[in-house]
Amino acid sequence: MVPLSWYLTLGAILFAIGVAAFLVKRNIITIFMSIELMLNAVNLTFVAFANHWHQVSGQVFVFFVMVVAAAEAAVGLAIIIAVFRTRETLNVDQVNLLKL
Amino acid sequence: MLHQVLFIIFGVVCVAGALNLLLQRHPINSALSLIVVMGALALLFLLLGAEFVAAVQVIVYAGAVMVLFVFVIMLLNAGVEEHTRGSRVAIFLGIPGLIAFFIFMCWAIGSNGSALGQARIGSFYVPTQELGIALFREFLLPFEVTSVLILIAIMGAVVLARRER
């Protein structure tokens, strides 16, 4: 028996670490990975509440989050490749113009 | 007792992997530690009775998405992260906001801790059949919409990554 609040606290900790990595990191790929970490933390919270309310819909939402994350990763990495091709850098501080 | 031991082991692995992602300077080390986090989360999903979600977590997240990340890191030959100043807004607004958010979350969870109750192994178990029925009856329209979303994402990725000629 584990209190449900432990799971929720773990989700909050992972989400906070993801936000911190998003703010601190300067490599665009690592920033993307910290977004994936935040989505995973939310998934843990969804599954924990599905367990609490005995509802299947919480787990179905996790699938939709995963689909959105996969689509976002595919498009985002394509954008990273396009940026790298024109700028030759992965540092977000050097990518500061809207034009190519 | 077993549940608590397993939760503590995999929770510590999760937090350690996430901190390693934050502290490592090379993107490939961050990617590998994120795979560790996802694997440990899959085991936590199993403890909460979500066996199919755990399998999908390993196959889709730790398998497909992270392979994509590692592939791009190797394709672009991403080296060690450079030290730059970064955004001042992120430092002076983001970090205090993050701390305030985290304290608020801990307060909200802690003050409702007794109402949330306990999670027991086996008290709630979703077989794959039940999940499939929910997905294809109640959530049929969102499911079909996500297929369109994936199609758009595939086309967008192909168009963006294509070499201009």
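Here the structure is a predicted model, which is why all the values come from computation and not from measurement. Each chain gets a letter, A, B and so on, in the order the sequences are listed, and its residues count up from 1.
- One hydrophobic cluster holds both A:L39 and B:F101 under the rule that ILVMFWY side chains link at heavy-atom gaps under 4.5 Å.
- Contacts of A:N40 with chain B are made by both backbone and side-chain atoms, with heavy-atom separations under 4.5 Å.
- Your options are A:T89, A:I29, A:V24, A:I79, and the one with the most heavy-atom pairs under 4.5 Å with chain B is A:I29.
- When all heavy atoms of B:I109 and A:A12 are compared, the closest pair comes out as CD1-CB, 4.5 Å.
- Note: B:L135 CG to A:F63 CZ = 7.0 Å, rounded to the nearest 0.5 Å.
- Heavy-atom distances place no part of A:E88 under 4.5 Å from chain B, backbone and side chain included.
- Heavy atoms of A:Q94 lying under 4.5 Å from chain B belong exclusively to its side chain.
- Within the 4.5 angstrom heavy-atom criterion, only side-chain atoms of B:V65, from C-beta onward, approach chain A.
- With a 4.5 Å cut-off on non-hydrogen atoms, A:L14 touches chain B through its side chain but not through its backbone.
- Residue with the most contacts toward chain A among B:I152, B:I150, B:L2, B:L44: B:L44 (heavy-atom pairs, distance under 4.5 Å).
- Between B:A153 and A:A71, the shortest heavy-atom contact is CB-CB, 3.6 Å.
- When atom types are taken as modelled, the side chain of A:H52 and the backbone of B:L116 share a donor-acceptor pair closer than 3.5 angstrom.
- Among B:L6, B:L34, B:L19, the residue with the largest count of heavy-atom pairs under 4.5 Å with chain A is B:L34.
- With a 4.5 angstrom heavy-atom cutoff, A:V62 touches chain B only via side-chain atoms.
- In this structure, the side chain of B:Q118 does not engage the main chain of A:L4 through any donor-acceptor pair within 3.5 Å.
- Using a 4.5 Å cut-off between heavy atoms, B:L131 touches chain A through backbone and side chain atoms alike.
- Taking B:L75, B:I133, B:I8, B:V56 one by one and counting their heavy-atom pairs under 4.5 Å with chain A, the maximum is reached by B:V56.
- Proximity to chain A involves both the backbone and the side chain of B:V53, based on heavy atoms less than 4.5 angstrom apart.
- If you tally non-hydrogen atom pairs under 4.5 Å between each of A:A16, A:A69, A:A21 and chain B, the highest count goes to A:A16.
- Side-chain contact between B:Y61 and A:N43: present, with at least one pair of heavy atoms (C-beta onward) separated by less than 4.5 Å.
- Criterion: ILVMFWY side-chain heavy atoms under 4.5 Å apart, direct or through other members. Under it, A:F46 and B:F143 are part of a common hydrophobic cluster.
- Interface remark: B:M66 contributes side-chain atoms only to the contact with chain A (heavy atom separation under 4.5 Å).
- Taking the centre of each ring, A:F61 and B:F139 come in below the 6.0 Å mark.
- Linking Ile, Leu, Val, Met, Phe, Trp and Tyr whenever their side-chain heavy atoms come within less than 4.5 Å leaves A:V67 and A:V65 in two separate clusters.
- Contact annotation for B:L41: only side-chain heavy atoms (C-beta onward) come within less than 4.5 Å of a heavy atom of chain A.
- With values rounded to the nearest 0.5 angstrom, B:I35 atom CD1 is found 9.5 Å from A:M33 atom CE.
- Inter-residue side-chain proximity for A:E36 and B:F69 is flagged as met; some heavy-atom pair is nearer than 4.5 Å.
- By number of non-hydrogen pairs under 4.5 angstrom with chain B, the leading residue of A:A41, A:S34, A:A50 is A:A50.
- Residues A:V56 and B:A134 come closest through the heavy atom pair CG1-CB, 3.9 Å.
- Using a 4.5 Å cut-off between heavy atoms, B:A108 makes no contact with chain A at all.
- Of the two parts of A:F49, only the side chain, counted from C-beta on, holds a non-hydrogen atom closer than 4.5 Å to a non-hydrogen atom of chain B.
- For A:F32, the CZ atom sits in a packed shell: over 12 heavy atoms of surrounding residues, nucleotides or ligands are nearer than 6.0 Å.
- Looking at B:I99, neither its backbone nor its side chain comes within 4.5 Å of chain A, counting heavy atoms on both sides.
- Judged purely by atom type and a 3.5 angstrom limit, B:R120 has no side-chain atom pairing as donor or acceptor with the backbone of A:V2.
- For the pair B:L160/A:V75, a side-chain contact is recorded, criterion being any heavy-atom separation below 4.5 Å from C-beta on.
- Contact annotation for B:E138: neither backbone nor side-chain heavy atoms come within less than 4.5 Å of a heavy atom of chain A.
- Here CG of B:N112 is found 9.5 Å from OG of A:S5. Values are rounded to the nearest 0.5 Å.
- Between chain B and the residues A:T30, A:N27, A:V68, the largest count of heavy-atom pairs under 4.5 Å involves A:N27.
- For B:A64, no part sits under 4.5 Å from any heavy atom of chain A, backbone or side chain.
- Within the 4.5 angstrom heavy-atom criterion, atoms from both the backbone and the side chain of B:L76 approach chain A.
- Taking the side chain as every heavy atom from C-beta outward, A:F15 and B:F102 never approach each other to under 4.5 Å.
- Chain B forms more heavy-atom pairs under 4.5 Å with one residue of A:L77, A:T9, A:V19 than with any other, namely A:L77.
- A:L44 is listed as a side-chain neighbour of B:F45, based on a closest heavy-atom distance under 4.5 Å.
- Going from atom CD1 of A:I17 over to atom SG of B:C14 covers 9.5 Å, rounded to the nearest 0.5 Å.
- Of the listed residues (B:M1, B:Q4, B:E130, B:M105), the greatest number of heavy-atom pairs within a distance under 4.5 Å of chain A belongs to B:Q4.
- Heavy-atom distances place the side chain of A:L10, and not its backbone, under 4.5 Å from chain B.
- Heavy-atom distances place both the backbone and the side chain of A:R26 under 4.5 Å from chain B.
- B:Q57 has its side chain within reach of A:M66: a pair of non-hydrogen atoms, C-beta onward, lies under 4.5 Å apart.
- Side-chain heavy atoms closer than 4.5 Å link hydrophobic residues (I, L, V, M, F, W, Y) into clusters, and following such links, possibly through other members, connects B:I95 to A:M38.
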